[in-house]
Amino acid sequence: MSQSAPTIMWFRDDLRLADNPALSDAAASGPVICLYVHDPALAPGSAARWWLHGALTALEDDLRARGGRLCIMAGPAWQCVLRLARQAGAGAVVWNRRYGGAARQVDARIKLALKDMGVQARSHRGNMLHEPWQVRTRQGAPFRVYTPWWRAVRAMGAPLPPLPVPAALGFAALPPAVEDGLVSLSALGLQPTRPDWAQGLRDTWQPGEQAAHARLATFMATRLPGYARLRDLPARPATSGLSPCLRFGHISPRQIWHAVEAQGDVDADGMCFLSEVGWRDFAHATLFDCPDMATRSLRPEYDRMPWRTDPAGLRAWQQGRTGYPIVDAGMRELWHTGWMHNRVRMIVASFLTKHLLLDWRAGERWFADTLVDADGASNPFNWQWVAGCGLDAAPYFRIFNPVLQGEKFDPEGDYVRRWVPEIAHLAGRAVHTPWKFPHVHRGYPAPVVDLADGRARALAAWKTL
Ligand SMILES: Cc1cc2nc3c(=O)[nH]c(=O)nc-3n(C[C@H](O)[C@H](O)[C@H](O)COP(=O)(O)OP(=O)(O)OC[C@H]3O[C@@H](n4cnc5c(N)ncnc54)[C@H](O)[C@@H]3O)c2cc1C
């Protein structure tokens, strides 16, 4: 292969220029073709698609500012990548690894086909602190419990320092045949039109690498002090909101790690934050070892759970009309902004799988479609954790009482009042028990299930396992 053969940088969940090992590899090899493939088989849910549109727009802008462009193709990834490699006479295709079962199969197939064509395929770790196979027990097995996994990660020391944006990033000219196979970003139809339900997302988020770093800087300056104490209170903006940025790779976990360490001694807040970032790696490592995590319970006995069928109950939960204010506030925050506070995610997930006794997979699917940070690892991992069937999970019999959770984590009721205007006139924590004030309701529903009955029904179902 001649020296000037271009290298294809295949962007996937790593939509950034800095600390992008595959891009640095491509840049060091000669002229680069930057590619994104929209493969319908691996496309994200609706809210994440909205984010993806903004993310690709930002990446296009960043590449254009450096004299390059983003080539976008649509269709099965193996067809698109192989066609581009052939038409462009590429010497290599490079990418950062993914860990989901379907994505890994696609990548393995492409790697083999490229090899047959005499084109190199080189993959890198770009989105994780460590590869799943690097963090193992002494016996070489996957960890099943987070605390020892995190201890092992910390014992490995800081990850290597992040890479800068490649200084010499040269772009290859595209043969005319290649142009014919490209599509515009708008042709992907990632944004909702009829109806356009994305106003709340636009008001809340700014996708892209630069915005992600601005968000991290603001978080470090204003919210990291006190993070460990305040991160469970949904009324306060106490967490980073970086989850969609990590999901789409605008920022890497090791950039975050080094930003925290750069502040000096990592205190309890810094360590607590890094440990949360660690959960993301743990979820991906679990997905690597259990590729069907989104469809099968990690504890197989839970697949015999007598889940109920209750379309009306599921709809009430999805629409934030269960009659339990903290649950409804969370589901409405999700619908409006594409994001929900972690504590409230746990409360709504517990309510669905326990008080309503509905299959965790129904909740996982709803989140996959409505979260901007929806992720094939963290989403099923956390659903299984709350439902009791995951690794290191909270036991099923630990059933969150949504009233007590609301009173504990939203003691003034401000979070509920923000999202449930029908009961916003109830003062203080009275907002968590609106049924005690029936004369002042304004169209807010009565509870869909009695908490004691729902709890007893869930425990009876669990005992059948
Ligand atoms: C039922 C359920 C479903 C979830 N689905 C997703 C999902 O699809 N995508 C997703 O990124 N997170 C998911 N989470 C985890 C968590 O709720 C979000 O990562 C967090 O709320 C994001 O807010 P933040 O960026 O402000 O978090 P911060 O508190 O600032 O944490 C920093 C980062 O650490 C990571 N993180 C924190 N908590 C977790 C966790 N429990 N598991 C994995 N990573 C974590 C995230 O990348 C997050 O951005 C889910 C949690 C539950 C209970």
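All ligand and atom numbering here is 1-based and tracks the order in the structure.
- Interatomic distance, CH2 of Trp366 versus CG of Asn379, reported as 13.0 Å (0.5 Å rounding).
- What sits closest to atom 16 (C) of ligand 1 on the protein, heavy atoms only, is Asn342 OD1, 3.3 Å.
- Of the listed options Ile256, Asp375, Leu242, Asn379, Asn379 places a heavy atom closest to atom 3 (C) of ligand 1.
- Look at Phe273 and you'll find a heavy atom under 4.0 Å from some atom of ligand 1.
- Counting atoms of ligand 1 from 1 in the listed order, those under 4.0 Å from a heavy atom of Met346 are 53 (C).
- Close approach of ligand 1 to Gly241 (heavy-atom distance below 4.0 Å) involves ligand atoms 24 (P), 25 (O), 26 (O).
- Distances from ligand 1 to the non-hydrogen atoms of Ala283 include no value under 4.0 Å.
- Counting atoms of ligand 1 from 1 in the listed order, those under 4.0 Å from a heavy atom of Leu246 are 47 (O), 49 (O).
- Checked by atom type and distance alone, the side chain of Gln384 never pairs as donor or acceptor with a backbone atom of Phe381 at under 3.5 Å.
- Looking at atom 19 (O) of ligand 1, its nearest protein heavy atom turns out to be Ser243 CB, 4.0 Å.
- The shortest contact between atom 30 (O) of ligand 1 and any protein heavy atom is with Ser240 OG, 2.6 Å.
- Below 30°, between 30° and 60°, or above 60°: for Trp205 and Trp51 the angle between ring planes is above 60°, a perpendicular geometry.
- Summarising the geometry, atom CD belonging to Gln210 is positioned 9.0 Å from atom NE2 belonging to His213; distances are rounded to the nearest 0.5 Å.
- Atom numbering of ligand 1 starts at 1 in the shown order; those under 4.0 Å from a heavy atom of Arg280 are 43 (C), 44 (N), 47 (O).
- Note: Ile347 CD1 to Leu352 CG = 14.0 Å, rounded to the nearest 0.5 Å.
- Looking only at protein heavy atoms, the nearest one to atom 9 (N) of ligand 1 is Asp373 O, 2.9 Å.
- One option in Phe381, Phe282, Tyr146, Trp383 has a heavy atom closer to atom 1 (C) of ligand 1 than any other, and that option is Trp383.
- Remark: the backbone N or O of Gly454 is not paired with any side-chain donor or acceptor of Lys354 at under 3.5 angstrom.
- For ligand 1 and Ala374, the ligand atoms under 4.0 Å from any heavy atom of the residue are 8 (O).
- A donor-acceptor contact under 3.5 angstrom links the side chains of Asp328 and Tyr444, judged on distance only.
- With hydrogens left out, the protein atom closest to atom 38 (N) of ligand 1 is Glu276 OE1, 3.2 Å, a heavy atom.
- For the 3.5 Å distance criterion, the side chains of Arg202 and Gln199 qualify, holding a donor opposite an acceptor.
- Of all protein heavy atoms, the one lying nearest to atom 41 (N) of ligand 1 is Asn382 OD1, 3.0 Å.
- Side chain of Asp373 to backbone of Ser243: no donor-acceptor contact under 3.5 angstrom is found.
- Counting heavy atoms under 4.0 Å from ligand 1, residue Phe367 touches it through the side chain alone.
- Trp149 and Phe282 have tilted rings, their planes meeting at an angle from 30° to 60° on a 0 to 90° scale.
- Which parts of ligand 1 touch Trp339 is read off a 4.0 Å heavy-atom cut-off, strictly below it: atoms 22 (C), 23 (O), 26 (O).
- Ring geometry for Tyr396 against Tyr302 counts as tilted: the plane angle lies between 30° and 60°, on a 0 to 90° scale.
- In summary, the atoms of ligand 1 found under 4.0 Å from a heavy atom of Thr239, numbered by their order in the structure, are 24 (P), 26 (O), 28 (P), 29 (O), 30 (O).
- For atom 29 (O) of ligand 1, the nearest protein heavy atom (residue, atom name, distance) is Tyr227 OH, 2.5 Å.
- Interface atoms of ligand 1 facing Leu371, defined by a heavy-atom separation under 4.0 Å, are 5 (N), 8 (O).
- Between the side chains of Ser297 and Trp360, a donor-acceptor pair is found at a separation under 3.5 Å.
- If you check which protein heavy atom lies closest to atom 14 (N) of ligand 1, you get Arg345 NH1, 3.4 Å.
- The aromatic rings of His250 and Phe248 sit parallel to each other, their planes meeting at less than 30°, with 60° as the upper class boundary.
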